[in-house]
Every structure is written in C-alpha cells, then in structure tokens.
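Throughout, residue positions are numbered sequentially from 1 according to the sequence presented.
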Amino acid sequence: MTDAHRVIDAVWKLESARIVAGLTRMVHDVGLAEELAQDALVAALEQWPESGIPDNPGAWLTAIAKRRAVDHIRRSQRLERKHEQLAHDLEQQRDPERDDVLRLMFISCHPALPTEARVALTLRLLGGLTAEEIARAFLVSEQRIIQRIAGAKRTLAEERVPFELPDGSELAERLSSVLEVIYLIFNEGYSATSGDDLMRPGLCLEALRLGRMLAELAPHEAEVHGLVALMEIQSSRSAARTGPSGEPVQLHEQNRGRWDQLLIRRGFTAMLRAREVGGTPGPYVLQAAIAVCHAQARTAEDTDWAQIAALYEALARLLPTPIVQLNRAVAVGMAHGPQEGLALVDSLIADPALRDYHLLPGVRGDLLVRLGRHAEARLEFERGASLARNVAERAFLRRRADEITVTGSPGATLGQAARDFLARDDLDAVTIRSYGQTLRRMCLTLGEHMPLASLTADQVARVFATAWDEAAAKTWNRHRSAVRSFGAWASMDLATGLDRRAETRPRAETIGSAQLDALWSRPDLPLRERTLWRLLHESAAAVTAVLSLNVEHLDLDDRRARAGDAWVSWRSGTARLLPHLLAGRTRGPLFLADRRPGPSRMPAAADLCPDTGRGRLSYERAEYLFKQATKSLDPAGGGYTLRQLKPRA
C-alpha cells in the first residue's frame, strides 16, 4: 500500500460518517448516499496518488460527493425542488453536520433492523469499515456481511425511515438502540464469543470511537456518558487481561500496574459528565459506577465488594436479565460469602437463557472451590469448557478443571454411558440420531463427566424444563422416550415426573396449485431441494421415510425405492432430477447435508456418504430451508412445512 493509499484509508475512516450523513440529508436514501460517497472515494484513489493529497482531504471528498449527488438529482428530474432544498440548507446553517451524523447513527441503529444488521450497518456507515473488515472482526463470511448490509438498506427504504432525529416520545427508545449496538460491538471485541483469541482490539477501539462521537453529538444524555465511561475503564485493563500465551487472567489476579491510567482518567471524566447531567442513573451509568469501584481499588483486596453488590442490586431492578443476575451473584459471593453467591447462581440454573452460557458453570465452579467442594467444582469447569466457543476461554476452563485433584475413581460417567448406549447393535440409524439429540443435551447441561451413579430424575427433569418445556408435545414425548430407554438400559429410574403430553396434530393444509407452480418455476432452487420437494409431492410419503432413502435402494427404472418395510414411488418430475442429484454416487444417503460433520458430531456409518464424507440431511435442516423458501408464497408469511407438500386427497 502506497503512502497516498494509507492516507486515503485513514481519511475515509475519519470522514466517511460525516460525508454519508450529509448526502443522506440531500437524497433521503442511505443506500444511495453511501454509493455516492464511494464514488468520491474512488475519485480520490484515482487522483491523489498523482496530484498529491489536498490540503483539506475531507472537504475535497465532501465536495466531490455532493457534486455526484447534484448530478443524480438532475438525472432524477427533481432539480428545481432539490435546488430549493439545498439553497435552504445553505442559508439556514442551523442544521450542522454533527446533527447529520447523529441522524445517521439513529438510522443505522433503527429498531426495525435485526441486531446483527444494525451492528454491520453501523460499522459500515459510521466506522468506515469495509465488508471484509467487518467479516474478519466477527469471524463470518464477507458475503454474509454484504447481505446483512444490503438487507438493512432495503428495509430502511421499504419502511421509509425518515432522515431526522426522533422526537421526545421515542428518543429514549431509539437512543437505547444506538447504545446497545455500540456496546455489542465493544463486548465482541472485549470478550470474543468465538475464535482463537480472547479479544479483538479493533472492535473495542471502533466502539470507543463511536461512543466518544455520540457523547459529543448528544452531550446532555447521561447514559451516553455512562457508556463511554464504562468502555474507557474496561479498555484500560486490556493489557492485563491476557497472559503470555493469550490465556485469560481473572480480574483479581491482574497486574494493576499494567492498567492504562490515561483511559481510567478518561473514564472518570466521562462519569463526572454523566453525574453533571443528573437524573436517575440508568443501566450504563450504574455499570460505569461498578467499573469505577474496580478502578479505584489499588489491589484486589481493596475492592469495595459491598458497594459493587449494592450497585448490581440496583442494576438488577432496572435490567433484570439473567446475565446481570449472574454478575450480581459474583459480587454477592465476594461481599457476603460464597454460600450466598452460590444460592443466587443456583436460582439461575433453570433459566433457559443461560442454558448454554459457559460462564454460568464457570462462576459456579469458582464458588464451589471457595466452599471446598472440589469434585463438584471440577465438573462445573469441565462443563463450562464444553460450552465455551472461544478457544482461549475453553482452554482456561479446562486448565481450571485439571488443576483440581479428585481422589478416587468417579466410575462410569454420563458421557461414556451415553456413547455406550448409542453404540448398541439393536438401534437403527434414525433411532440413534433421535436418542443422540436427547443425550447430547443432557451431557451439555449436566456435564459429560458427571458420574452416572449421581444422576437423578430431578436433574433430568431440570434439563427438560430448560430445554423442552415450550416444545411441542410430540418433541417432548420423543425426548422423554429416549430418557426412558436410556434409564432402562442403565437400570436407573430417570423419567419420574416427566409425564407424557397429549399430542394434538391438526391436519396440515396442502399447498395450493398456484403456489406449487410458482415454486417449481423458480430458477434459483438448489438441485437437492428441488429433488426432495418434488419427491415428497409426487410420492405422498412421510418426510422421515424420504429422508431415510439410500442411493443403493433406488430403482430408477421402476421409479421406486425401499424405505424400511415400505416403498416410495415417484413420477416423471422426480425421475428427471434424480440422475443429476446422484452424480455418480452408488452408496450412502440420497439427500446429503451441506457440509462434512465435525469430529464431535460424526453420524453413524449408515448416515454417512462414503464418496463425499457428508452426512444425511436432517429433518430440521430440510424443514428450515423449505420454510425460508416458501415465505413469499405463504399468505401468512411464515412459510410452509414439508408435510404440506402432500397432494390433495
């Protein structure tokens, strides 16, 4: 990259939000505004390396972009009206550029957009990041980010979201959405949810920049200053949060001499501004106050845990989320003893929102260690490691478990017993897949290292309450049947209290001929989906029977295949597609999954294609794809189910 290109990149990140905001005010279309700004960027890339960097690069880009906007207005035959509007804006001068940037913030974080789209659009428009940079930061594909941004722009256009500041009645809600997006970006950088590294500093810096910008644009909002204070102080610990190998270092073990005092002072200043604004402290101000308590303590022992516990209690009244309650449990455990903290944690175990949250068993393990219950603590750390998606956190929790020495052999474990049960010769592939889903959930929730002898019906009932309490009766009964079979095999009564639920299965309405014609005529349907849906429609067979078909059981000449004890037959539509789907395969599942299974999810041999290494397409995935594809055809907008492909009787 040349010096000119580096300057252009830096200027673009600093100026793009202001330029796009100003253009949006002119053309009233955020997507078009970004395209016009990109045109100006391209002009800079073409001209600056030869002509040199202008004295005022931002003004140069703005002038070129506005010129492009005026050209667009002329081409759109709205010249007179737009010229009047531009002249009015130039005369008034009471609509400064900073207000445009604030408007752009409110648009990119509009509640009409899904959270992931809000984050991507904010980083694109206000952060000046490319789709590739955003994708790299969140460990997703660039195409997915492009789709999110395009979808967000399309939604804003369809909803006709105005380029204006919200009035008093909705300002609080809209501002809350902006703060949420900025803090989500910061948290993903501060504690990455997946990947190899604990932190992604680039996202933290971008969130801080956005927060500081918002504080300048909205100086009279205490919550904005509270969020900035929170992020400044949390960022101050970055250098001390990881060890030499990138492993996490807990707060009480951190070298506080490595905390960034400049960021701490900036955090204190932001907190003072929040207090000067006044009013009842909101969630971000309270969290910032907690961060201030930690920053003021010279050593871990000097931490005022009683004050922190009181602040968390106030925060829990405003924001009674499971995560806040879990953090409160940590503070209570430090302030009033581990037994009180453990009681609070145990009250959260049945909360579905924390079902797969690795920090719940991590916190519980810490409290159990302090209570001297080491065997239980080891199981909790092992369970936390199995739930953690971040490599550094997984290794940290695994190391915590390995540091605990437990005397005596635990005997058979739940995980080993589940594997032995599923390895039996008398279970067919469909049953193994169904039972496996149940037992995997039990292992995730209870820990696969749990001694089998300590497993109780109450614990199993807790798993059902958090995982399947809201599920359909058929799903509940299927998992109940799996537990009953597993308990009988292990000579244990595990289904006590799990009553069978009455199943009411309304007859599914079939899809109308007009919708089917529209579906079959779509050119973008993947071959696998097109073949599966045709076969289901022409055969009138059960979905499970069709998905269980193997290549070696097909009789293409007679247009039929063996599915267990029955036959599935089809007509010409399917017959034309099947040879293309097989593509020379002679064995294995007819309908294959999108990718190869991971080592921990390896299916049975009967569900694995020996040619491609891919597993059998699951009912759940097939159902999801069909619903997504038919949303536009369904008058209710929810999409159809595969069962509705059966022809009318």
Side-chain angles (χ1 to χ4, degrees), residues 176 179-192 198-201 203-212 214-215 221-242 248-277 279-319 321 323-335 359 363:
S176 175
L179 296 175
E180 177 192 15
V181 168
I182 294 174
Y183 198 39
L184 278 172
I185 295 170
F186 179 84
N187 273 333
E188 186 58 33
Y190 193 69
S191 295
L198 180 68
M199 299 181 64
R200 297 181 195 145
L203 284 178
C204 289
L205 291 173
E206 192 55 44
L208 263 174
R209 191 180 73 80
L210 292 172
R212 291 166 182 164
L214 182 59
E221 296 292 338
E223 279 289 85
V224 175
H225 295 299
L227 175 59
V228 172
L230 175 61
M231 294 191 297
E232 300 276 16
I233 295 173
Q234 286 185 325
S235 294
S236 73
R237 308 178 200 141
S238 296
R241 289 188 68 231
T242 54
V249 178
Q250 292 180 291
L251 181 62
H252 67 277
E253 296 176 339
Q254 290 176 13
N255 177 359
R256 302 192 175 211
R258 301 187 67 196
W259 287 4
D260 189 322
Q261 294 302 313
L262 174 60
L263 289 176
I264 290 176
R265 287 195 296 273
R266 294 186 69 155
F268 286 176
T269 300
M271 191 62 179
L272 287 174
R273 288 175 182 159
R275 289 173 176 166
E276 288 170 359
V277 172
T280 304
Y284 292 107
V285 171
L286 288 173
Q287 290 177 82
I290 293 168
V292 167
C293 285
H294 285 298
Q296 287 176 330
R298 292 184 176 274
T299 66
E301 292 73 23
D302 293 336
T303 305
D304 189 350
W305 282 108
Q307 175 68 12
I308 291 174
L311 287 168
Y312 267 119
E313 186 175 352
L315 179 61
R317 287 195 292 269
L318 282 181
L319 203 67
T321 67
I323 301 297
V324 170
Q325 296 289 5
L326 182 61
N327 288 330
R328 176 177 168 239
V330 174
V332 168
M334 297 298 293
L359 291 184
V363 169

Undergrad: Where is the tightest heavy-atom contact between Gly226 and Ala288, given as atom of each residue plus distance?
TA: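 For Gly226 and Ala288, the tightest heavy-atom pair comes out as O-CB, 3.4 Å.
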Undergrad: For residues 283-317, which residue pairs qualify under ring-ring contact (aromatic ring centres under 6.0 Å, His included), counting only residues two or more places apart or in two chains?
TA: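 Listed once each, the pairs are Tyr183-Tyr284, His294-Trp305.
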Undergrad: Please report the interatomic distance CG(Leu315) to CG(Asn327), rounded to the nearest 0.5 Å.
TA: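 CG of Asn327 is found 8.5 Å from CG of Leu315.
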Undergrad: Under the salt bridge (Lys or Arg N to Asp or Glu O under 4.0 Å) rule, collect the residues that match up with Arg317, sequence neighbours excluded.
TA: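 In terms of salt bridge (Lys or Arg N to Asp or Glu O under 4.0 Å), with neighbours along the sequence ignored, Arg317 is linked to Glu313.
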Undergrad: What donor-acceptor contacts under 3.5 angstrom involve side-chain atoms of residues 204-212, with partners at least two apart or in another chain?
TA:
residue: Glu206; atom: OE2; partner: Arg209; partner atom: NE; Å: 3.2
residue: Glu206; atom: OE2; partner: Arg209; partner atom: NH2; Å: 2.9
residue: Arg209; atom: NH2; partner: Leu126; partner atom: O; Å: 2.7
residue: Arg212; atom: NE; partner: Glu232; partner atom: OE2; Å: 2.9
residue: Arg212; atom: NH2; partner: Glu232; partner atom: OE1; Å: 2.9
residue: Arg212; atom: NH2; partner: Glu232; partner atom: OE2; Å: 3.3

Undergrad: side-chain contact (heavy atoms from CB on, under 4.5 Å) for Leu227 and Ile182? Distances and angles first, verdict last.
TA: CA-CA 9 Å; Leu227 175 59; Ile182 294 174; 4.0 Å; yes
Undergrad: Looking at CZ of Arg241 and CD of Glu253, how far apart are the two atoms once the value is rounded to the nearest 0.5 Å?
TA: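 Separation between the atoms: 13.5 Å.
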Undergrad: Using every non-hydrogen atom in the two residues, find where Arg328 and Ala316 come nearest and quote the distance to one decimal.
TA: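 That would be CD-CB, 4.4 Å.
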Undergrad: Name all residues meeting the ring-ring contact (aromatic ring centres under 6.0 Å, His included) criterion together with Phe268; count only those two or more places apart in sequence or in a different chain, and write none if there are none.
TA: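 So Phe268 forms no ring-ring contact (aromatic ring centres under 6.0 Å, His included) with any residue.
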Undergrad: Taking all atoms of both residues into account, what is the closest heavy-atom pair of Val292 and Met271, and its distance?
TA: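 Between these two residues, the closest heavy atoms are CG2-CG, 4.2 Å.
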Undergrad: Locate the shortest heavy-atom distance separating Gly267 from Ala229; write the atom from each residue and the value.
TA: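 Minimum heavy-atom contact is O-CB, 3.3 Å.
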Undergrad: Which heavy atom of Ala331 sits nearest a heavy atom of Ala309, and at what distance?
TA: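 Shortest heavy-atom separation between Ala331 and Ala309 comes out as CB-CA, 3.8 Å.
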Undergrad: Can you list every side chain to side chain donor-acceptor pair (under 3.5 Å) pair that touches residues 259-268, not counting sequence neighbours?
TA: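 Sorted pair list: Gln254-Trp259.
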Undergrad: Nearest 0.5 Å, what's the CZ-OG1 distance between Arg298 and Thr303?
TA: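 Rounded to the nearest 0.5 Å, the CZ-OG1 separation comes to 13.0 Å.
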Undergrad: If you take all heavy atoms of Cys293 and Leu311, which pair is closest and at what distance?
TA: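 Answer, listing the atom of Cys293 first, then Leu311: SG-CD1, 4.0 Å.
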Undergrad: Of all residues at least two apart in sequence or in a different chain, which pass the side-chain hydrogen bond (donor to acceptor under 3.5 Å, both in side chains) check with Asp302?
TA: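 Here the qualifying residues are Thr299.
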Undergrad: Just verifying a value: how many Å separate Leu214 CG and Leu179 CG, rounded to the nearest 0.5 Å?
TA: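 Leu214 CG to Leu179 CG: 6.0 Å, rounded to 0.5 Å.
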Undergrad: Side-chain contact, heavy-atom cut-off 4.5 Å: Ser235 with Phe186?
TA: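 In contact.
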Undergrad: Between CD1 of Ile264 and OG of Ser236, what distance do you get to the nearest 0.5 Å?
TA: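 It comes to 4.0 Å.
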Undergrad: Between CG of Leu184 and CG of Leu203, what distance do you get to the nearest 0.5 Å?
TA: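 Atom-to-atom, Leu184:CG and Leu203:CG are 11.0 Å apart.
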Undergrad: I'd like to know if the side chain of Glu223 and the backbone of Val285 have a donor-acceptor N/O pair within less than 3.5 Å.
TA: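 Such a contact is found between Glu223 side chain and Val285 backbone.
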